[in-house]
Visitor: 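Take this structure, written in structure tokens, and hold onto it; I'll ask about it next.
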Amino acid sequence: MASITLTDLLSSRKWEQALFTTYALSLTFFETCVLRELRQQGCRQIYVIVDADGYQSSLSERRSTRVGQEYRVIPVALPKGVFHPKCTYLSGPDGDVLAIGSGNITFGGYGRNLEVFEILEPMSAPLVFEEFANFLDNLGNRSDITIPDKTWIPMFSMLSRRHVNISNSNEYNQPQLLHSTTIPIIDQIVNAASLIADSTLTVLSPFHDTVGTAVKRLAKGVGATKIRVALPTRHASETTFPFNIAKSWGVALSAVTPEAESPNRCLHAKWFQIDRPGSETITVSGSINATSKALCSIDNIEVGILRKHSTDEGFVTWGESDIPKETTTLAYNASGLGNKCIVHAVLKSDSSLVGWLIATKDFAGEWGGFLESSTGEQCAITVTVNVEGRFATSVTASNNLLFATGLQVSLTKDDRRARGWVLQEDILKLGREQRTIIRFLSNEDTIDDEVALLDYLALSLNRHAPQFGSRIKVIKNSDDSNNTDKGNSSVVIHLADIAPVLDVHGNEIEITRTDGHAGEMDLFARLRRYLLGERYTPQKEPKVVGIESTEDDDENEYRIEQARKKKIVNHLDAFERCIQKCLDETSDNLRRRAALVYWFEIKLHILKRHDWSEEGLVFVKTWFRRACSEKLLHSPFEALEQHVFTAASVLALTLSDDDSRHQNMVMLHEDIERFAGGPIDTDLAQNLLIDNPEAGFASLLVPSRESELANALDEALKTVTLRTQLETELNSHEAGKPINNDLILFKTASGQKFIDSIKRIPGIISYRTVKTDTPYCPFCFTVWAVQAGNDLKYNRIAQCTNCSKFAVNVTP
């Protein structure tokens with residue numbers, strides 16, 4: 001048996017599309033092991049096609065959070081059999097791979113059981129890819145099989161059929177794909193083998209007919225005079241083959257055991273081997289059990305791979321074994337849809353729910369029920385099911401429910417109940433990076449998701465930043481206007497002003513907002529509301545009761561946390577470099593305003609969700625100084641003005657209460673005036689302040705002190721700026737009044753020289769006023785020396801090193 005695993009295959013290269021077919025399905029296993037690998041490889045379209053039994057069983061896995069948002073689960077119902085193929089089709093830029101085998105999408109099917117898989121590529125097996133396309137086409141054409149969504153069939157049929165023209169000089173050695181959509185598997189094996197007497201048939205299967213009918217028919221069809229039945233490697237008595245009955249068939253009967261790396265695993269592999277005189281061997285592997293339903297009918301859908309090869313080229317080594325004295329007899333239940341009742345549903349961008357109720361009878365009419373998330377949040381719905389099982393209804397639900405993970409629909413009529421997963425169309429159409437936003441919004445993201453989102457937001461800056469400028473409105477979730485409790489508020493963003501929903505290719509999807517709910521489905525609207533108004537609580541690993549942590553454990557946890565922090569910080573730095581580049585290179589003021597808001601809201605939220613308050617204050621200081629230097633205030637006032645005045649109040653509140661406080665408050669007011677281009681109205685600034693603990697970022701920067709922000713901003717705005725001081729003193733000098741030498745303005749080296757100059761020559765003006773960014777002396781036009789330029793910018797007085805005359809700056 002080959003030791004390569006399917007998880008090895010999943011991680012081997014980049015994939016774009018993936019198709020899985022299975023009978024049994026464990027979504028917990030799929031999301032833990034399979035989906036994780038596919039996400040790391042960038043796969044964006046994932047389909048899981050499952051029998052109605054497996055689909056119904058999966059509905060109990062309420063901890064599955066990715067179903068319907070990152071991959072599609074589609075049920076298949078047959079009237080008298082089961083959908084039983086175990087196929088994996090992976091398509092990517094480096095080529096396609098098809099795996100056909102016996103393992104379901106479960107922990108057992110991917111390693112715990114003894115399974116067999118054929119892994120095929122177009123260059124070595126182009127005919128198999130053509131036959132796989134035919135299998136899909138035939139499956140879609142079967143009128144008795146219910147498949148509520150067939151869009152995946154032409155998609156993967158096309159992908160597989162494009163390899164048809166690949167040449168292979170030795171077609172004899174090419175494997176052949178068998179499937180039971182139109183012809184029983186046994187007829188295909190017999191046709192390929194031709195009747196040659198004295199063949200030996202070896203059968204490995206976990207399930208047999210109670211009287212061995214299928215094996216008997218196959219032996220007769222291929223002319224086998226010897227039958228070897230493979231026994232389970234764990235316990236021989238677990239075999240379901242009826243040895244006592246088969247002894248009367250008139251053939252040589254024996255038992256063998258396959259050599260396996262781990263013989264104690266449960267036997268679930270299926271293998272038929274025909275050894276023929278003349279040194280030729282035919283093998284068939286796949287999903288086909290040695291039962292009449294699987295082998296001798298088209299009631300089941302089965303898939304296998306047939307190979308012809310030299311007898312010396314053995315894939316399985318068999319060991320002789322004794323025929324067990326006891327065997328296991330199974331009682332098989334009737335297969336098919338039977339009394340099962342399941343639902344396939346899709347939630348669309350306009351908040352409509354469309355679906356197909358799959359049952360055998362009595363399903364038309366009105367059904368009542370609800371949508372339910374994995375957290376238990378519900379909304380009631382009523383649907384009218386037509387004679388074909390189809391229904392459609394409009395859903396009125398909260399934004400949280402419409403974006404919820406693990407969404408299910410449950411419908412009831414009389415004593416019948418139908419359940420199913422809900423596929424969320426908008427989210428499934430998003431690209432990989434945008435789906436990361438969904439995990440981010442649900443607090444289910446990993447560190448890798450977080451840095452991937454930062455990278456995406458950095459690269460899409462020019463696309464999405466312009467929609468981040470709209471004003472933030474914080475409303476109370478209470479009708480009591482006198483209620484001063486700020487613990488129950490929400491952030492409102494006008495949806496029309498937020499970035500568009502995008503399809504998988506990054507193109508805008510036009511949404512008709514007829515009832516409001518379509519607008520609420522806008523992904524970026526929710527992202528921005530989340531950035532501004534929702535608190536993130538990191539999930540911590542639960543401690544095992546009774547086991548105390550050691551110093552080594554604590555040290556290891558510290559190192560892991562530091563590595564995580566370093567990774568996030570590195571990607572934040574890269575994100576900020578993109579913002580800085582935009583601000584340095586863009587002359588469009590609207591884009592510059594939006595970029596500043598984008599930068600502020602995204603970075604502060606990342607810092608907030610990790611509770612990095614110290615880093616948050618450092619960032620706010622940097623951002624505030626840069627935002628004010630842009631001089632971008634304009635009416636109508638929007639998010640930039642709100643963030644600037646809120647940041648100013650936070651910085652004012654955190655100033656130390658010492659001798660430097662007044663000077664720092666002066667500089668803070670200087671920055672505000674620079675942003676506004678002049679004095680700012682106090683009432684206006686206060687109205688733009690976001691001091692609600694449930695919105696914005698004050699709760700990170702000054703926790704529990706939000707009520708003090710208004711007073712801190714008021715203090716800053718009442719502090720006289722250097723510009724005002726200078727303007728006042730110059731007016732006094734021109735009016736013949738003395739200058740106040742004690743002002744901070746005149747304590748600098750250039751300020752003291754300026755005072756000495758105007759005192760030495762009373763009544764003579766030996767200075768000229770200039771703007772902050774004037775590059776040269778207004779008297780001799782010599783370019784400012786570095787120190788003089790800084791003096792003019794920050795201290796408002798500069799002395800020319802060439803002519804020794806002064807320039808003063810009284811512009812905001």
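Since we're looking at a predicted model, the values are computed, not measured. Counting from 1, the numbers follow the sequence of the chain as shown.
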Visitor: Could you go through Leu596 and Val644, starting from their C-alpha distance and side-chain angles, then the distance that decides it, and tell me whether this counts as side-chain contact (heavy atoms from CB on, under 4.5 Å)?
Guide: CA-CA 10 Å; Leu596 285 164; Val644 165; over 6 Å; no
Visitor: Are there over 12 heavy-atom neighbours, none belonging to Gln663, within less than 6.0 Å of that residue's CD?
Guide: no
Visitor: Please say whether more than 12 non-hydrogen atoms of neighbouring residues, nucleotides or ligands are located less than 6.0 Å from NZ in Lys753.
Guide: no
Visitor: Does Lys793 qualify as a cation-pi partner of Trp784, given the criterion of NZ or CZ under 6.0 Å from the six-membered ring centre and within 45 degrees of its axis?
Guide: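 No.
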Visitor: Kindly write out the residues that satisfy ring pair (Phe, Tyr, Trp, His ring centres under 6.0 Å) with Phe754, not counting sequence neighbours, or none if the list is empty.
Guide: Tyr767, Phe806
Visitor: Establish, yes or no, whether a centroid distance under 6.0 Å links the rings of Trp599 and Phe468.
Guide: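 No, too far apart.
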Visitor: State whether Glu670 and Arg723 are salt-bridged, where the test is any N-O pair (Lys NZ or Arg NE/NH1/NH2 against Asp/Glu carboxylate O) under 4.0 Å.
Guide: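 No, Glu670 and Arg723 are not salt-bridged.
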Visitor: Parallel, tilted or perpendicular: which one describes the rings of Phe600 and Phe697, with boundaries at 30° and 60°?
Guide: perpendicular
Visitor: Taking it one step at a time, do Arg609 and Leu604 satisfy side-chain contact (heavy atoms from CB on, under 4.5 Å)?
Guide: CA-CA 9 Å; Arg609 73 195 323 245; Leu604 265 184; over 6 Å; no
Visitor: With side chain to side chain contact (heavy atoms under 4.5 Å, CB included) as the test, pick out the partner of Val810 among Leu730, Thr772, Val770.
Guide: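 Only one option passes, and that is Leu730.
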Visitor: Would you say CD of Gln562 has more than 12 non-hydrogen atoms from neighbouring residues, nucleotides or ligands within 6.0 angstrom?
Guide: yes
Visitor: Give the intermediate values and the outcome of salt bridge (Lys or Arg N to Asp or Glu O under 4.0 Å) for residues Arg674 and Asp671.
Guide: CA-CA 5 Å; Arg674 185 174 296 110; Asp671 287 329; 2.8 Å; yes
Visitor: Tell me every residue that passes side chain to side chain donor-acceptor pair (under 3.5 Å) with His662, counting only those two or more places apart in sequence or in another chain.
Guide: none
Visitor: In terms of the angle between their ring planes, are Phe645 and Phe675 parallel, tilted or perpendicular, with boundaries placed at 30° and 60°?
Guide: perpendicular
